[in-house]
Number of protein chains: 2
Amino acid sequence: MVRPRKFDRVDILNRMKTAFWENGFSDISMDDVGRITNMNRGSVYNAFGDKRALYLEALELYGEQHYGAAVELIKHSKDTPSAIRNLYGTAFKRMKDDQTHWGCFMCNAAVEVAPVDTEVAIIVRENFDALTKAFLSSLLETRPKVADSKNAKNLAQQLTATYIGFNIMARTGMAKTSLKRISDSAVEMVTA
Amino acid sequence: MVRPRKFDRVDILNRMKTAFWENGFSDISMDDVGRITNMNRGSVYNAFGDKRALYLEALELYGEQHYGAAVELIKHSKDTPSAIRNLYGTAFKRMKDDQTHWGCFMCNAAVEVAPVDTEVAIIVRENFDALTKAFLSSLLETRPKVADSKNAKNLAQQLTATYIGFNIMARTGMAKTSLKRISDSAVEMVTA
DNA sequence: CTAGTTATTGACTATTCAGTCAAATACAAT
DNA sequence: ATTGTATTTGACTGAATAGTCAATAACTAG
């Protein structure tokens with residue numbers, strides 16, 4: 001009855017997730033989008049709306065994938081120190097796969113877009129908060145002594161700030177030996 | 001002998017520092033620059049070169065002012081816990097003055113420009129490193145027990161990461177009560 | 001007062017940008 | 001095979017972009 005789509009929506013969003021992650025919102029043009037997705041300009045507008053809507057969907061996908069995975073990883077780690085090791089381990093692994101240093105799309109959105117787009121600001125805060133909550137649960141469940149001696153909520157919030165700072169520093173091309181210090185210190189921080 | 005300049009170079013750079021800090025590089029046009037500085041387009045090019053050169057000077061000025069001040073503040077605080085209290089105290093004070101949440105120009109540059117401009121990347125890393133060195137000196141000199149029990153270099157690096165994360169989160173408009181947790185936890189971390 | 005030097009001015013270019021649209025197309029149900 | 005419907009296409013628009021330049025203005029040393 002209808003002409004079928006030539007493209008896979010999820011595949012397109014994954015490609016745009018990567019592109020926006022690397023280059024930000026402003027430095028990706030709709031011409032770039034066409035090249036990256038192999039879609040015609042008009043088809044993109046027909047399928048996704050405008051550039052901002054496309055960015056929003058890509059960012060939400062990133063959140064589900066990366067922050068969702070981080071929360072799960074923390075939840076299923078045997079205790080907070082190993083949760084932190086696992087979390088930073090995946091970040092380091094990604095830096096190896098593609099010699100570039102990408103940092104974190106959510107953090108980039110916080111800097112570039114959140115101040116001028118309340119919807120983006122909300123998404124970013126929600127994802128940060130989810131990470132903090134995961135740290136907090138982990139502490140309360142597996143490190144009650146640490147949680148008690150240090151104010152668990154404050155500590156969880158700082159662990160999120162540390163993770164964000166790590167990703168910003170990674171994006172500047174800072175040496176891995178320096179980056180490693182951050183995760184080591186974070187581990188030490190939650191080790192009774 | 002020569003026609004004198006109508007403008008004060010330092011004043012112009014301070015204005016542009018604020019503008020780039022708030023809006024980033026891509027979202028400030030040369031028309032904006034003209035409006036912000038009350039300078040004619042051509043005069044800007046004559047005085048500063050191109051947009052990138054202007055951004056570089058503004059960023060370097062920010063580094064001297066803010067990171068320079070932070071390093072001095074840490075150096076002249078009586079110990080690391082109070083250094084951290086003082087550092088975050090100035091950040092909170094600024095957030096009060098202008099109800100907006102600016103975060104940190106250096107962090108914004110790390111995200112938006114550093115990945116595509118090696119000179120900016122170097123400036124950003126240098127400023128981050130200066131902060132880390134200041135934390136390290138403070139620890140070694142005023143908290144030798146903490147420094148010894150925890151690996152001071154790792155800890156100093158994490159304190160910088162925490163500060164960066166704090167500024168990114170501030171830029172998303174996160175509640176001050178949540179932000180306060182970060183600095184409280186950082187203080188707790190260096191309290192023997 | 002004049003000459004020499006640099007700053008200012010605003011109009012100009014050529015490019016890039018996000019977004020639009022009418023026409024053509026591909027399919028599947030009948 | 002025909003028809004109905006959503007998708008694709010590429011040319012189009014108008015606005016915004018960074019950067020240029022020749023003419024003009026302002027000052028001061030002599």
Side-chain angles (χ1 to χ4, degrees), chain A residues 1-59 108-109 112-120, chain B residues 1-59 108-109 112-120:
Chain A
M1 194 90 155
V2 307
R3 180 174 182 173
R5 292 205 153 125
K6 228 171 58 175
F7 62 88
D8 174 18
R9 206 183 158 84
V10 176
D11 173 53
I12 297 299
L13 285 173
N14 269 303
R15 289 186 200 212
M16 289 316 304
K17 173 197 75 183
T18 302
F20 283 130
W21 183 1
E22 267 187 292
N23 305 108
F25 178 80
S26 293
D27 287 0
I28 291 284
S29 70
M30 290 306 289
D31 270 3
D32 293 332
V33 174
R35 236 173 286 120
I36 291 161
T37 61
N38 288 317
M39 284 175 78
N40 181 279
R41 197 176 194 66
S43 291
V44 175
Y45 280 94
N46 180 59
F48 296 100
D50 59 4
K51 192 184 167 187
R52 175 180 173 272
L54 182 58
Y55 181 85
L56 269 174
E57 283 205 61
L59 181 65
N108 301 351
E112 187 194 3
V113 189
V116 292
D117 190 321
T118 54
E119 204 167 340
V120 167
Chain B
M1 195 92 154
V2 307
R3 178 173 184 175
R5 291 203 154 126
K6 226 171 57 176
F7 61 89
D8 174 19
R9 207 184 157 81
V10 176
D11 172 54
I12 298 299
L13 285 173
N14 268 304
R15 291 188 200 211
M16 290 316 304
K17 173 198 75 184
T18 302
F20 283 131
W21 184 359
E22 267 187 292
N23 305 107
F25 177 81
S26 293
D27 286 358
I28 291 285
S29 70
M30 289 308 289
D31 270 3
D32 293 331
V33 173
R35 235 172 288 121
I36 292 162
T37 62
N38 287 318
M39 285 173 78
N40 181 278
R41 198 179 193 65
S43 291
V44 176
Y45 279 95
N46 180 57
F48 295 100
D50 59 3
K51 191 183 168 189
R52 175 180 172 270
L54 182 59
Y55 181 85
L56 268 175
E57 282 206 61
L59 182 65
N108 300 350
E112 187 194 3
V113 188
V116 293
D117 189 323
T118 54
E119 204 166 340
V120 167

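Letters go in sequence order (proteins before strands), and every chain restarts at 1.
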Could you give the CZ-to-P distance, from Phe25(B) to dT17(D), as a whole number of Å?
13 Å
Out of dT20(D), dT8(D), dT8(C), minimum distance to the side chain of Asn46(B) belongs to dT8(C)
Pick the closest DNA chain D nucleotide for Asn40(B) and for Ser26(B) by heavy atoms, then say which residue is nearer the 5' end.
Ser26(B)
Starting from P on dT17(D), measure out to CG on Asp27(A) and report it in whole angstrom.
14 Å
With under 30° as parallel and over 60° as perpendicular, where do the rings of Phe20(A) and Phe25(A) fit, or are they tilted in between?
parallel
Considering non-hydrogen atoms only, spot the tightest contact between Ala53(A) and Phe48(A) and give its length.
CB-O, 3.2 Å
Counting the atoms with a prime plus P, OP1 and OP2 as sugar-phosphate, which does Ser43(A) contact under 4.0 Å by heavy atoms, base, sugar-phosphate, or nothing?
base
Between CZ of Phe7(B) and P of dA25(D) the distance, given in whole Å, is 20 Å
Whole angstroms only, please: what is the CZ-C1' distance between Arg41(A) and dT8(D)?
14 Å
From CZ of Arg35(B) across to C1' of dA16(D) the rounded distance in Å is 11 Å
Between P on dG19(C) and CZ on Arg52(A), what's the gap in Å once rounded to a whole number?
11 Å
Measure CG/Asp8(B) against C1'/dA7(C) and give the value in whole Å, please.
15 Å
Taking only the side-chain nitrogens and oxygens of Lys6(B), find out if one of them lies under 4.0 Å from OP1 or OP2 of dA25(D).
no
Answer whether the closest heavy-atom distance between the side chains of Asp31(A) and Arg41(A) falls below 4.5 Å.
yes
Judged by atom type as modelled, is there a donor-acceptor pair below 3.5 Å linking the side chain of Asp32(B) to the main-chain atoms of Ser29(B)?
yes
For a 4.5 angstrom cut-off between non-hydrogen side-chain atoms, does Val113(A) reach Tyr55(A)?
yes
Nearest-neighbour nucleotide for the Arg5(A) side chain, dA18(D), dC17(C), dT7(D) considered
dT7(D)
Atom-pair distance (CG on Leu54(A); P on dA18(C)), nearest Å:
11 Å
Once you apply a heavy-atom cut-off of 4.0 Å, does Ile28(B) come out as touching a base, just sugar-phosphate, or nothing?
sugar-phosphate
